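Counting convention: from 1, in listed order, for ligands and their atoms alike. Note that these values count all heavy atoms, side chains included, but never hydrogens, waters or copies made by symmetry. As the structure is a prediction and not an experimental result, all values here were calculated from the model.
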Amino acid sequence: MNQRNLDGNSIIIRLEMTTKDIKFGEVASAISEAGGDIIAIDVISTNQDVSVRDLTVAVTDSQDNSKIIEAVRQLKGVSIVNVSDRTFLLHLGGKIEVTPKTPIHNREDLSRVYTPDVARVCSAISEEPGKAFSLTIKRNTVAVVSDGSAVLGLGNIGPRAAMPVMEGKAMLFKQFAGVDAFPICLDTQDTEEIIRTVKAISPAFGGINLEDISSPRCFEIERRLNEELDIPVFHDDQHGTAVVLYAGLINALKLVGKSIENVKIVVCGIGAAGVACSNILLSAGAKRLIGVDRDGAIVRTNSYENEVWTEYAARTNPDLEKGSLREVIRDADVFIGLSRGNLLTREDVQTMADNPIVFAMANPVPEIMPALVEDIVAVMATGRSDYPNQINNVLCFPGMFRAVLDCRATEINEEMKLAAAQAIASSISDEERTRYYIIPSVFNDKVVKSMRSRVIEAAIKTGVARRVPREQAREGGES
Ligand SMILES: NC(=O)C1=CN([C@@H]2O[C@H](COP(=O)(O)OP(=O)(O)OC[C@H]3O[C@@H](n4cnc5c(N)ncnc54)[C@H](O)[C@@H]3O)[C@@H](O)[C@H]2O)C=CC1
Ligand SMILES: CC(=O)C(=O)O
Ligand SMILES: [Mg+2]
């Protein structure tokens, strides 16, 4: 039997029944007694001896799945061919496809889109490579590149297993910002080989979105690609997360009436996301920011093998605080968790300053569950979709790439990230803002529009835009 991971509130069981040994009523009773409710029956094939059916069974809780399957398995004359759920069905054959923009009806069409006429277009690009932006998919296309080394909270599961996430990112790019994105999972985790490969495929793309590449390799890969390519390269887990985190913090600080320059911020977990989140907060004016990892606070009086931490220590922790998370969180106004689940306690939070802000963003289990501290914090956020205030990079990457493709930016700089964060934050008005609503939903269509406009403005100001889109020129009074 091919049994997959089951979730959702219904499963589909394909079973083969030997008609002389069992009646369908017996199968239905067994399922019902095990807590399932048959909501659809499809007969796949039937003959005198054997009947194959798909049963769609509603379940009240996912633990019932195995009880139901076991109950059916015990029946004489029944064998389970396959168990699937709606999530798996949605993934059958992958989630995206390539569709031509014009149909090819006849030889004339054929000779235009393909040889011989296509040769004239190729020659035009060969003479003027910049024409690739107007005559190919480059101007609207992003590569979503992963090596499968740090996929969600699943760890190093490899490039094949990373594909569903990258296909999902491609769907989000298209649905929320009209960007065509290709999932590209590389069968190498060697830094130099990844850099070489991404450079080699870059002619087809207007931007590169690096995804789920583990630290510290992710820093070197992104830095080198940004230096060596003339299209933007953006590590989503670093900067997408940072942009959305900062947006949430802007609104949380407004609620508690504190300013970023004055608050004490403790960032726990100085990996890919923790470094980038710290950087954006420093760019935004944070002064009292302390990073904490497994061995306690990162401080410049210590020495580190990890060069990224040495450099981090030089820019943070001005009062040279030392010690464990428990020690340095005392009097902190803001806790940002990008480490692992369940490492913060209610007692720790009780030592924070008045009106503490706790963003426990580790996935899938946050550093502290909201229920443990909801009564003593001013604002609580997690990375999860089942609590209010979800901080997730999907709020950033579609709008960010819409903007950089439209203005043909050569890079995504700090000013553009800050502009993106401001766009997200300001999509919630003063009247709407509450402790349970500091960050907009991904379905809020104001977000991409406003981010696009603000990021393009920042790209123009910082001289990285190669083109001013017409409507931006109108808004900015340019011709
Ligand atoms: N909500 C969101 O949108 C996002 C959440 N995350 C979450 O943030 C976490 C970190 O992700 P990455 O930065 O990509 O991973 P990473 O592996 O690059 O960094 C994790 C860091 O946490 C540190 N750490 C582990 N245990 C610790 C402990 N007991 N105390 C202090 N530090 C500890 C590690 O040493 C490492 O430096 C994960 O749980 C991930 O799910 C990451 C990206 C986006
Ligand atoms: C949200 C995301 O990109 C991650 O968890 O890796
Ligand atoms: Mg990711």
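- Around atom 16 (P) of ligand 1, the closest heavy atom drawn from S215, G240, G296 belongs to S215.
- Counting heavy atoms closer than 4.0 Å to ligand 1, residue D293 contributes atoms from both its backbone and its side chain.
- Every atom of ligand 2 with a heavy atom of E211 under 4.0 Å away is listed here by number and element: 3 (O).
- Residue contacts with ligand 1, taken as heavy atom pairs separated by less than 4.0 Å, do not involve L325 at all.
- The aromatic ring centroids of F234 and F401 lie less than 6.0 Å from each other.
- Nearest non-hydrogen protein atom to atom 6 (O) of ligand 2 is D237 OD1, 2.9 Å.
- Annotation: atom 2 (C) of ligand 2 to nearest protein heavy atom, N393 ND2, 3.5 Å.
- Checking only distances, G274 never comes within under 3.5 Å of ligand 1, N or O to N or O.
- Between D190 and R217 no salt bridge is recorded (no basic side-chain N to carboxylate O distance below 4.0 Å).
- Given atom 5 (O) of ligand 2, the protein heavy atom at minimum distance is L152 CD2, 3.7 Å.
- Under the 4.0 Å criterion applied to side-chain N and carboxylate O atoms, K67 and E70 are not assigned as salt-bridge partners.
- Y304 and Y312 have their aromatic ring centers separated by at least 6.0 angstrom.
- E321 pairs with exactly one of R330, R288, K264, R300 by the salt bridge (charged side-chain N to carboxylate O under 4.0 Å, His left out) rule, that one being K264.
- Not one N or O of L152 is nearer than 3.5 Å to an N or O of ligand 1, by distance alone.
- Counting heavy atoms closer than 4.0 Å to ligand 1, residue L338 contributes atoms from both its backbone and its side chain.
- Taking 4.0 Å as the cut-off between side-chain N and carboxylate O, D319 and K287 do not count as a salt-bridged pair.
- In this structure, the protein non-hydrogen atom closest to atom 27 (C) of ligand 1 is R294 CG, 3.7 Å.
- Residue K449 qualifies as open at atom NZ: its count of foreign heavy atoms under 6.0 Å is 12 or below.
- Residue contact check for ligand 1: C268 places a non-hydrogen atom closer than 4.0 Å to it.
- Residue contacts with ligand 2, taken as heavy atom pairs separated by less than 4.0 Å, involve N392 solely via side-chain atoms from C-beta onward.
- Of the polar atoms of N363, at least one N or O is found under 3.5 Å from an N or O of ligand 1, judged by distance alone.
- For ligand 1, the atoms sitting less than 4.0 Å from at least one non-hydrogen atom of A273 are 13 (O), numbered in the order shown with element in parentheses.
- Minimum interatomic distance between N393 and K169 (heavy atoms only, all atoms of both residues): OD1-NZ, 3.1 Å.
- Look at E192 and R196 and you find no salt bridge, because none of the NZ, NE, NH1 or NH2 atoms lies under 4.0 Å from a carboxylate O.
- With a 4.0 Å heavy-atom cut-off, ligand 2 is reached by the side chain of D212 but not by its N, CA, C or O.
- Inclusion of E211 in the first shell of the Mg ion (ligand 3) is supported: an N, O or S atom falls under 2.8 Å.
- Looking at G383 next to ligand 1, no N or O pair under 3.5 Å apart turns up.
- When each of M166, E211, R160, E167 is tested with C185 by the rule side chain to side chain contact (heavy atoms under 4.5 Å, CB included), just one qualifies, namely M166.
- The contact set between ligand 2 and K169, taken as ligand atoms under 4.0 Å from a residue heavy atom, comprises 2 (C), 3 (O).
- The closest non-hydrogen atom to atom 7 (C) of ligand 1, taken over R217, R384, M361, comes from M361.
- Taking 4.0 Å as the cut-off between side-chain N and carboxylate O, D54 and R14 count as a salt-bridged pair.
- Under the 6.0 Å cut-off for aromatic ring centres, F359 and F335 do not qualify, their centroids lying 6.0 Å or more apart.
- With respect to E228 and K199, a salt bridge is recorded, a charged nitrogen being found less than 4.0 Å from a carboxylate O.
- Of all the N, O or S atoms in D237, the one closest to the Mg ion (ligand 3) is OD1.
- No other N/O/S atom of D212 lies as close to the Mg ion (ligand 3) as OD1 does.
- Under the 4.5 Å side-chain criterion, counting only non-hydrogen atoms from C-beta, V165 is in contact with D212.
- Taking only nitrogen or oxygen atoms, main chain and side chain alike, N363 does not reach within less than 3.5 Å of ligand 2.
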